[in-house]
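Read through the structure below, which is laid out as structure tokens, and then see the notes.
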Amino acid sequence: MRRLLSVTAAVVAALCLTAPPAAASSSTAPDGRQRATLLAYGQDTWRSFIAMVDDATGLPDDNIAGDLDPATRGGYTSPTNIGAYLWSTVVARDLGIIGRAEAYDRMATTLHTMSRVGRHPASGMFYNWYDPKTGAVLHAMPPDNSPITPFLSSVDNGWFAAALMVVGNAEPRLRTQARALLAPMDFGFLYDPQARGPDVPAGLIHGGFWDTEPAGCSIKGNYRGRGPDVWYTCNRYDILNTEPRIVSYIGIARGQLPRAQYFAPNRTFPPTCDWDWLEQQPVGYQTSYLGVPVFEGAYRYQGLQFVPTWGGDMFEALMPDLFVPEETWGPRSWGVNHPTYVRGQILHGLTDAKYGYWGFSPASNPTGGYSAWGVDLMGMDPGGYPSDLEGTNADLGFGDCRAGQPPPASYGDGVVTPHASFLALPFAPDEALRNLARLRANFPGAYGRGGFKDAIAVRSGRIADRYLSLDQGMIMGALGNALQHDAVRRYFVQGDVRRVIKPLLGIETFNARPAG
């Protein structure tokens with residue numbers, strides 16, 4: 001029977017571990033008290049994964065209730081969830097929360113199951129939804145068994161591929177199995193080289209595809225010409241500061257995408273009146289990299305200037321940074337943008353909306369279900385990712401093209417997501433730890449046996465009383481980097497990632513700057 005170490009034992013074990021330094025991070029190392037706090041968070045967060053994982057298959061569920069009762073599991077999982085469990089297992093091992101033998105056993109079980117599940121033969125991609133108990137591809141979604149057409153998501157496969165790369169480098173005994181799963185995964189299968197027109201030497205990546213015709217919009221085709229045609233999503237990822245850039249990093253490093261593809265997504269959309277449906281007109285200038293025209297656009301908020309995400313949230317901005325030391329490899333781009341973006345989130349929560357807390361990212365809704373939370377004016381989505389339950393939205397207009405609205409006079413019941421503070425650790429460590437400590441102290445039900453619950457409505461005190469594999473995985477990844485010298489990054493960037501991606505990120509200068 002597997003069991004956790006005590007908090008004290010975990011702290012001692014982790015403090016005794018050593019690891020070679022990785023690429024320098026922008027954060028300072030936590031002191032002894034901070035380490036003890038973060039290690040305790042890690043132990044509790046790991047407990048939620050134990051409760052979510054099916055012991056026979058090694059597959060984690062998507063979610064579980066706050067009491068960690070296995071009967072409350074959601075009944076479905078995804079490649080992202082599975083990847084989050086794998087890299088979290090590596091972190092738990094490195095922090096001394098579990099032993100090396102248990103970590104090996106857990107990862108080996110998961111990889112064995114994934115070697116048997118259904119996947120798309122021509123692309124090597126995995127389907128988006130599986131039954132955690134059997135590994136079967138789902139054709140109906142729990143809990144109401146509504147029918148679905150099996151889908152293959154580019155970004156979900158990207159996170160699973162990232163996990164395979166971490167496992168293969170972190171556990172040599174599993175390298176062969178991890179690489180066997182990774183080898184057939186071809187992200188070029190999702191790449192439309194003509195998405196930006198025939199005169200631009202790089203295209204965009206589709207959101208995914210179906211291998212049977214779905215209802216709604218789709219594009220029939222096959223970019224690789226292997227196997228039968230598929231039905232691609234009509235959307236392509238055309239924004240850089242979003243989580244699908246992990247797909248670009250992996251595809252470029254593995255030679256499946258051209259290096260120039262990194263520059264094909266927009267930093268912002270252009271400032272012309274054709275784009276006046278957006279809530280803010282960007283400032284910037286036109287340039288080019290590797291022959292790709294790039295508008296170096298930026299948004300402004302609270303005296304800051306930055307490249308926005310789509311929704312104004314932390315997940316899009318900082319989850320790829322768990323694996324790639326973007327702020328170090330791109331000192332004139334991400335090295336400016338990441339800390340500035342975090343500062344904007346802090347200012348929104350404490351100064352603009354006056355919630356007293358900060359950290360906004362897609363997560364559970366305290367009133368039920370799942371919602372996208374963010375800082376509206378730090379994102380491009382005209383519908384807005386709100387920071388409160390009321391959906392408060394801001395619209396600055398679009399310069400002379402379209403008038404805006406007065407800024408919100410007040411905000412409502414703000415929804416703070418703890419995983420966002422963990423993502424911020426490299427860029428505002430003291431503020432992040434202080435924010436987490438206040439959330440735990442002031443909302444007792446917000447912290448349970450599995451760590452921080454998924455979201456907190458800070459004015460009403462309503463709590464989303466459950467844990468999500470994805471959000472718990474972001475917490476564990478952040479802890480692995482904070483406490484083990486960028487361990488998750490170090491495992492991911494070995495070999496071609498460092499050789500190819502590091503010089504690529506060093507090319508660009510964002511039109512971003514901090515306040516003042």
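One is the number of the first residue; the rest follow in order along the sequence. All values below were derived from every heavy atom in this structure, side-chain atoms included, with hydrogens, water molecules and symmetry-related copies excluded.
- With hydrogens and angles disregarded, a donor-acceptor distance shorter than 3.5 Å links the side chain of Y130 to the backbone of G118.
- Panel note: side chain N481, backbone L322; a donor-acceptor pair is recorded below 3.5 Å.
- How far CG of L59 is from NZ of K133: 12.5 Å, rounded to the nearest 0.5 Å.
- Remark: I501 CD1 to D496 CG distance equals 9.5 Å, nearest 0.5 Å.
- When every heavy atom of S364 is checked against every heavy atom of W373, the shortest pair comes out as O-NE1, 3.2 Å.
- A tilted orientation is assigned to the rings of Y232 and F189, their planes being inclined by 30° to 60°.
- The shortest non-hydrogen separation linking M380 to P308 is CG-CG, 3.8 Å.
- Using modelled atom types and a 3.5 Å distance limit, the side chains of Y341 and T309 yield a donor-acceptor pair.
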**Request:** Before giving the answer on side-chain contact (heavy atoms from CB on, under 4.5 Å), spell out for S248 and I205 the whole-Å C-alpha distance, their side-chain angles and the decisive distance to 0.1 Å.
**Result:** CA-CA 8 Å; S248 293; I205 299 164; 3.7 Å; yes
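- Taking the side chain as every heavy atom from C-beta outward, R119 and M185 approach each other to under 4.5 Å.
- Distance check: D454 CG to S361 OG gives 9.5 Å after rounding to the nearest 0.5 Å.
- Using a 4.5 Å heavy-atom cutoff, the side chains of F126 and L181 are in contact.
- The closest donor-acceptor contact from the side chain of Q43 to the backbone of I97 lies at 3.5 Å or more, if one exists at all.
- F492 is listed as a side-chain neighbour of I250, based on a closest heavy-atom distance under 4.5 Å.
- Put simply, the side chain of D61 gets close to the backbone of G74: a donor and an acceptor are under 3.5 Å apart.
- Applying the salt bridge (charged side-chain N to carboxylate O under 4.0 Å, His left out) rule to D413 yields the partners R462; only residues at least two apart in sequence or on another chain are considered.
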**Asked** Where do Y467 and F49 land on the ring-ring contact (aromatic ring centres under 6.0 Å, His included) test, with the steps shown first?
**Response** CA-CA 9 Å; Y467 300 102; F49 272 112; 9.9 Å; no
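- Scanning both residues, V90 and M107, for their nearest heavy atoms gives CG2-SD, 3.6 Å.
- A 4.5 Å side-chain heavy-atom check between L68 and I50 finds every atom pair outside the cut-off.
- Side chain to side chain, R106 and T89 fail the donor-acceptor criterion of an N or O pair below 3.5 Å.
- Using the six-membered ring where Trp is involved, H348 and Y355 have ring planes that are perpendicular, over 60° apart on the 30 and 60° scheme.
- Side-chain N or O atoms of S387 include none that pairs as donor or acceptor with a backbone N or O of V375 at under 3.5 Å.
- Remark: D156 CG to E243 CD distance equals 9.0 Å, nearest 0.5 Å.
- A donor-acceptor contact closer than 3.5 angstrom links the side chains of D211 and Y127.
- With Q177 contributing its side chain and S115 its backbone, the two residues share no donor-acceptor pair below 3.5 Å.
- By the 4.5 Å heavy-atom criterion applied to side chains, W129 and F151 are not counted as neighbours.
- A heavy-atom distance below 4.5 Å is found between the side chains of Y237 and S154.
- Sorted by first and then second residue, the side-chain hydrogen bond (donor to acceptor under 3.5 Å, both in side chains) pairs involving residues 442-452 (not counting sequence neighbours) are D44-Y447, Y357-N442.
- Between the side chain of N157 and the backbone N or O of S153, at least one donor-acceptor pair lies under 3.5 Å.
- Side chain of T113 to backbone of T109: a donor-acceptor contact under 3.5 angstrom is found.
- Closest heavy-atom contact between P386 and A372: CD-O, 3.6 Å.
- Between R459 and D388, none of the side-chain N atoms (NZ, or NE/NH1/NH2) sits under 4.0 Å from a carboxylate O, so this pair counts as no salt bridge.
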**Request:** Applying side-chain contact (heavy atoms from CB on, under 4.5 Å), run through D186 and R226 and close with a yes or a no.
**Result:** CA-CA 11 Å; D186 180 8; R226 293 195 304 265; 2.6 Å; yes
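- Distance check, rounded to the nearest 0.5 Å: CE of M114 to CG of L86 gives 8.5 Å.
- T417 has its side chain out of reach of D471: every pair of non-hydrogen atoms, C-beta onward, lies at least 4.5 Å apart.
- Formation of a donor-acceptor pair under 3.5 Å by the R35 side chain with backbone atoms of L483 is found in this model.
- We find that K453 and D465 are joined by a salt bridge, their nearest charged nitrogen and carboxylate oxygen being less than 4.0 Å apart.
- Within the 3.5 Å criterion, the main-chain N or O of G356 finds a donor-acceptor partner in the side chain of R438.
- A salt bridge links E327 with R489; the closest basic N to acidic carboxylate O contact falls under 4.0 Å.
- Remark: the E326 side chain and the Y249 side chain contain an N/O donor-acceptor pair separated by less than 3.5 Å.
- The aromatic rings of W159 and F323 lie tilted to each other, with the angle between the two planes from 30° to 60°.
- Contact of the D238 side chain with the P265 side chain is not registered, since no non-hydrogen atoms from C-beta on lie closer than 4.5 Å.
- Side-chain contact annotation: S469 with N81, donor-acceptor N/O pair under 3.5 Å absent.
- Nearest heavy atom pair, residue H419 against residue F315, reads NE2-CB, 4.5 Å.
- Under a cut-off of 6.0 angstrom, the local environment of CZ in R173 is crowded, with over 12 non-hydrogen atoms contributed by other residues, nucleotides or ligands.
- With sequence neighbours left out, E213 forms a side-chain contact (heavy atoms from CB on, under 4.5 Å) with W231.
- The distance from atom OG1 of T392 to atom CG of D376, rounded to the nearest 0.5 Å, is 9.5 Å.
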